[in-house]
Each structure stands twice: as structure tokens, then as C-alpha cells.
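Let me begin by handing over the structure; questions about it come next.
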Protein chains: 2
Amino acid sequence: MRQERDLPTTSYAVLGLLTFGQELSGYELKQWADSTLRFYWTAPAMSQIYTELKRLAQRGLVLSREVGGGPGRTTTRYRVSAKGARELRRWLADSDPGFPLLKHPVALRLLLGHLLDPGQVRAMLEAYDQALAAQRRDLRAVLDGIDNDPAFEFPAHVARWGLSYYDSEEAALRQVLNALPEGSAAQSRAAQGTGQTGRSSGAGPTR
Amino acid sequence: MRQERDLPTTSYAVLGLLTFGQELSGYELKQWADSTLRFYWTAPAMSQIYTELKRLAQRGLVLSREVGGGPGRTTTRYRVSAKGARELRRWLADSDPGFPLLKHPVALRLLLGHLLDPGQVRAMLEAYDQALAAQRRDLRAVLDGIDNDPAFEFPAHVARWGLSYYDSEEAALRQVLNALPEGSAAQSRAAQGTGQTGRSSGAGPTR
DNA sequence: CTCTACTATTCCTAACCGGAAGACTTCTTC
DNA sequence: GAAGAAGTCTTCCGGTTAGGAATAGTAGAG
């Protein structure tokens with residue numbers, strides 16, 4: 001009758017979040033996930049978080065407690081149980097992590113670049129560049145908040161890892177932009193461009 | 001009565017695959033996806049591929065043809081229709097790509113490093129290093145197969161992008177490994193190790 | 001001639017997302 | 001201090017996606 005199979009990774013992710021702060025509500029958990037987990041996993045949907053919490057509670061991996069804030073208001077807060085901590089350690093030690101999964105909509109579209117004109121491709125890549133910078137800032141802010149705090153040593157490692165990823169994306173993006181034909185104007189006429197271009201052309205985005 | 005909403009991205013990915021080769025069966029499509037799409041998107045499950053093909057056919061975005069290989073055996077092959085090509089272009093031009101989604105089980109586990117001992121963390125990261133190298137080889141092989149072929153200019157860009165991603169992962173991994181306390185043996189005693197270590201220590205896994 | 005591997009497709013279940021909805025609380029703003 | 005906006009907290013629903021098992025024919029290996 002024992003449950004042999006592992007829970008989905010997201011369950012353990014939620015459980016893992018509870019090993020930092022203590023006693024979080026589903027709502028707070030979602031905030032946390034949105035601001036940290038999303039950079040290298042998914043930030044699960046609200047509904048998912050609550051579903052996971054219910055399941056974890058059912059298996060005794062988390063303990064819940066009703067906290068009344070007002071008369072008609074009760075918030076349920078969760079914390080890891082001893083059993084939960086054990087199970088989490090077991091999972092970390094035993095299970096095969098598997099390879100990262102990247103869903104990269106920009107790369108996917110670039111793959112189909114032959115269906116677009118060069119200007120459109122360029123525009124798309126530059127928009128991604130913007131989004132990347134914004135995301136990088138967010139993660140930087142997270143890191144600044146936890147850096148040098150020994151309690152968050154590992155989260156800090158992960159955040160730095162993430163930043164280096166964004167840097168590499170940035171660099172790769174530039175590579176592709178440089179390899180692409182000019183802009184919206186010249187496209188089939190390769191002759192002139194290849195000679196002296198290189199870095200200088202792509203450096204100063206017009207907008 | 002018109003369908004206004006975009007199909008899911010995976011539909012377009014499948015449709016996009018059909019703009020390279022022509023007339024593929026679901027099975028072949030899966031092979032293709034496994035060897036190329038998986039690097040920056042998901043390789044959809046078999047069932048998913050067939051589901052997508054049915055939907056695409058229903059909307060007239062692909063055309064199908066029954067090919068008999070034997071008496072009790074018919075293979076359905078698909079190709080893009082003119083409408084499909086139009087729709088794909090429209091989608092590429094109109095829709096917002098959104099930001100990449102990374103599901104990184106190793107980073108997730110590293111985040112919870114405080115629950116493991118240093119040796120385990122190290123082992124995990126080194127295993128990932130191996131997997132990364134293997135993956136890199138696979139992608140390298142794909143690129144070698146299409147590089148310099150003008151028909152696959154864009155896939156080649158994407159493949160190079162992917163390679164640079166793996167390189168950056170490799171580098172980030174080393175960073176983390178260097179920042180981590182020694183191995184299974186010495187962990188709190190930082191003094192001696194930092195001097196001459198670097199590459200040599202972790203290089204030869206025992207098994 | 002049997003076994004294994006490959007081709008080809010379908011079915012079922014669980015995971016997961018996203019939005020809507022409902023209800024209460026605290027903060028603004030006039 | 002009343003009205004409304006914004007934030008907290010949770011549930012429900014429908015649709016999409018993932019992944020494995022089941023089925024079945026075909027082709028080659030020994």
C-alpha cells in the first residue's frame with residue numbers, strides 16, 4: 001500500500017521553499033516562487049500551489065495551522081514536518097535530476113527565420129535583448145538581497161549562475177545579430193556588407 | 001465562427017518542421033523533433049505530435065496523404081499547405097514570443113544544497129557536467145551536419161546559439177564548484193585547499 | 001522460424017496553467 | 001469617514017501538455 005513513486009518535481013520545489021522561511025501561506029508561497037523560483041524553474045500557478053500543499057499535507061510532509069486574522073478570515077499556514085525534511089533529503093540524494101529543459105520561443109522563431117524578412121528577425125532579437133536586460137535586473141536585485149547572508153548561500157550560487165546565463169544569452173544574441181544581413185534595407189546584396197562590418201555596426205541600436 | 005486565438009506554440013513548431021523537409025509521417029516528425037527541436041524547445045511526446053497533426057489537418061494547415069507500405073499497413077504523411085505557410089508567417093510576425101522558460105533540475109537542487117552534504121552536491125554537479133558534455137556533442141553533430149548548407153542557415157544560427165549556451169553552463173558550473181567547500185572530506189577547514197586546487201581535484205571521478 | 005528492433009499510431013492518466021469568482025482586509029483619497 | 005482601489009487568501013473549472021502503456025504490422029538476425 002506504500003506510495004513508491006516520487007512526486008513531481010514541482011512538489012519538491014514547493015516543499016523546498018518551506019525549508020527557508022517558516023510557516024507560509026499558499027499566497028505567500030506564490031510570491032516567493034514568483035520572485036525566485038521562476039528564474040530556473042517555473043513559478044507554479046496559484047491553483048497548483050494549493051493543490052501541491054494539499055497533497056503534501058495529506059502525506060504528512062507538511063503541517064498546517066489555521067491562523068485567524070479576523071472573524072470571518074482564516075489563513076492556513078504551512079511548514080515542513082520532520083518527515084517532509086527527510087523525504088526531501090532522500091529525493092535530493094536518490095533521484096536523477098535529468099537534463100535541463102529549455103523552452104526558448106525566440107530561438108524557435110529564429111529557426112524559422114527563412115520565412116521572415118531580415119528586418120523582422122532583427123526586430124525580434126532586439127526586443128528579446130530588452131526583455132533579457134529587464135530580467136537580468138530582476139535577478140540582480142534578488143541576489144543583492146541575499147548575497148553575503150550565509151543562510152542563503154546556495155540560493156546565491158544559483159542566482160549567480162542565472163546571471164551568468166543571461167550574460168551568455170546577451171553575447172550569443174550579439175553574435176547572431178552580427179552574422180545576420182544588414183537591416184530591413186539590404187538583404188540579398190551581400191557584397192558590400194561583409195567587408196568592414198564586424199562589431200561596429202551592431203553596437204549602437206537606433207532606439 | 002472563426003478561430004481567433006493562436007494555436008499553442010508547439011503546433012507552430014511542428015508546422016515549422018514541415019517547412020524544411022517535405023512529407024513526413026508522425027513518427028519521422030518525432031525523430032526530427034528529438035534530434036533538433038529538443039535543444040531549445042521540447043521534443044513533444046509521440047501522442048502530442050499526432051494530436052497536433054490532427055488539429056493542423058482539421059484547420060487545413062497541413063495536407064495528409066495515405067501511403068500504403070503493405071496490406072494492413074498505411075502510413076500517413078503530412079506536408080504544409082499554402083494556408084499553413086501563410087498562417088505560420090502570420091504567427092511569426094504577429095505574436096509576442098515571450099521570455100524563455102528554463103526548467104533546470106540541477107539548479108533547483110543546488111538551491112536546496114543546505115540539505116545535502118558537500119560531497120553530494122559536488123557529485124551532482126559533476127554528473128551534470130558529464131551530461132552537458134554529451135549533449136554538447138550531440139548538438140555539435142547536428143551543426144556539423146547542416147553547417148554551410150544555405151538551406152539551413154537559420155537552424156545553424158540556432159545551433160551555434162545552443163552551443164554557446166552549453167559553454168556558458170560549463171563555465172558557470174566550474175564557478176560554483178570552485179566556490180564550494182572541498183569535497184566529501186574537508187569541508188569546514190578552508191585553509192589549505194584554496195591554494196593549489198582548481199581543476200585537478202575533481203577531475204577523476206572514482207567510478 | 002523465432003526473436004528483436006523498428007515503424008506507426010492510439011489511449012489513458014496525471015500534471016499543469018490561467019482565468020474567473022468570491023470574500024475579506026487594508027490603504028487611499030476626497 | 002465613506003467610497004473605492006488594491007492587496008490577501010482560496011477554490012473551481014476547463015483546456016493543454018507530458019509521458020507511458022498498449023497495439024500491431026514489418027524487417028532483419030541468428
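In what follows, every chain begins at residue 1, and chains take the letters A, B, ... in the order their sequences are listed. Because the structure is a prediction, the values reported are computed rather than measured.
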Rounded to whole angstrom units, what separation is found between the CD atom of A/Glu23 and the P atom of D/dC9?
13 Å
Which distance, rounded to the nearest 0.5 Å, do you find between the CD of B/Gln58 and the OG of B/Ser64?
11.5 Å
What nucleic acid atoms does B/Thr51 come within less than 4.0 Å of, heavy atoms only: base, sugar-phosphate, or nothing?
nothing
Could you state the atom-to-atom distance from OH of B/Tyr12 to C1' of D/dT16 in whole Å?
15 Å
Taking 4.0 Å as the cut-off, does a side-chain nitrogen or oxygen of B/Tyr27 come that near to OP1 or OP2 on C/dT7?
yes
Candidates A/Asp144, A/Asp149, A/Leu143 - the one meeting side-chain contact (heavy atoms from CB on, under 4.5 Å) with A/Asp147
A/Leu143
CG of B/Asp6 versus C1' of D/dG15: gap in Å, rounded?
16 Å
Donor-acceptor contact below 3.5 Å, side chain B/Tyr50 vs main chain B/Ala45:
no
Rounded to the nearest Å, what distance is computed from the CD1 atom of residue B/Ile49 to the C1' atom of nucleotide C/dA8?
13 Å
Rounded to whole Å, CE of B/Met46 lies from P of C/dA8 at a distance of 10 Å
All N/O contacts under 3.5 Å from nucleotides 13-16 of chain C to the protein, with atom names and distances to one decimal?
residue, atom, partner, partner atom, Å
C/dA15, OP1, A/Arg55, NH1, 3.2
C/dC16, OP1, A/Thr10, OG1, 3.2
C/dC16, OP2, A/Gln48, NE2, 3.0
C/dC16, O5', A/Gln48, NE2, 3.4

Looking only at the side chains, is there a donor atom on one of B/Arg89 and B/Thr19 sitting less than 3.5 Å from an acceptor on the other?
no
I need the NZ-C1' distance between B/Lys30 and C/dT10, as an integer number of Å.
15 Å
Taking only the side-chain nitrogens and oxygens of B/Ser47, find out if one of them lies under 4.0 Å from OP1 or OP2 of C/dC11.
no
Spacing between B/Leu24 atom CG and C/dA8 atom C1', to the nearest angstrom:
14 Å
What is the separation between atom OH on B/Tyr78 and atom P on C/dT7, rounded to the nearest whole Å?
18 Å
Hey, does the side chain of A/Lys54 come within less than 4.0 Å of D/dT11's phosphate (OP1/OP2), counting only N and O?
yes
Would you indicate, yes or no, if D/dT10 has its OP1 or OP2 atom less than 4.0 angstrom from a side-chain nitrogen or oxygen of A/Tyr50?
yes
Distance col, row A/Met124:CE vs A/Glu126:CD, nearest 0.5 angstrom, shows 11.0 Å
Any side-chain N or O of A/Thr76 below 4.0 angstrom from OP1/OP2 of D/dT10?
yes
Can B/Arg38 and B/Gln135 be counted as having a side-chain donor-acceptor contact under 3.5 angstrom?
yes
Do A/Ser81 side-chain atoms and A/Gly60 backbone N/O form a donor-acceptor pair below 3.5 Å?
yes
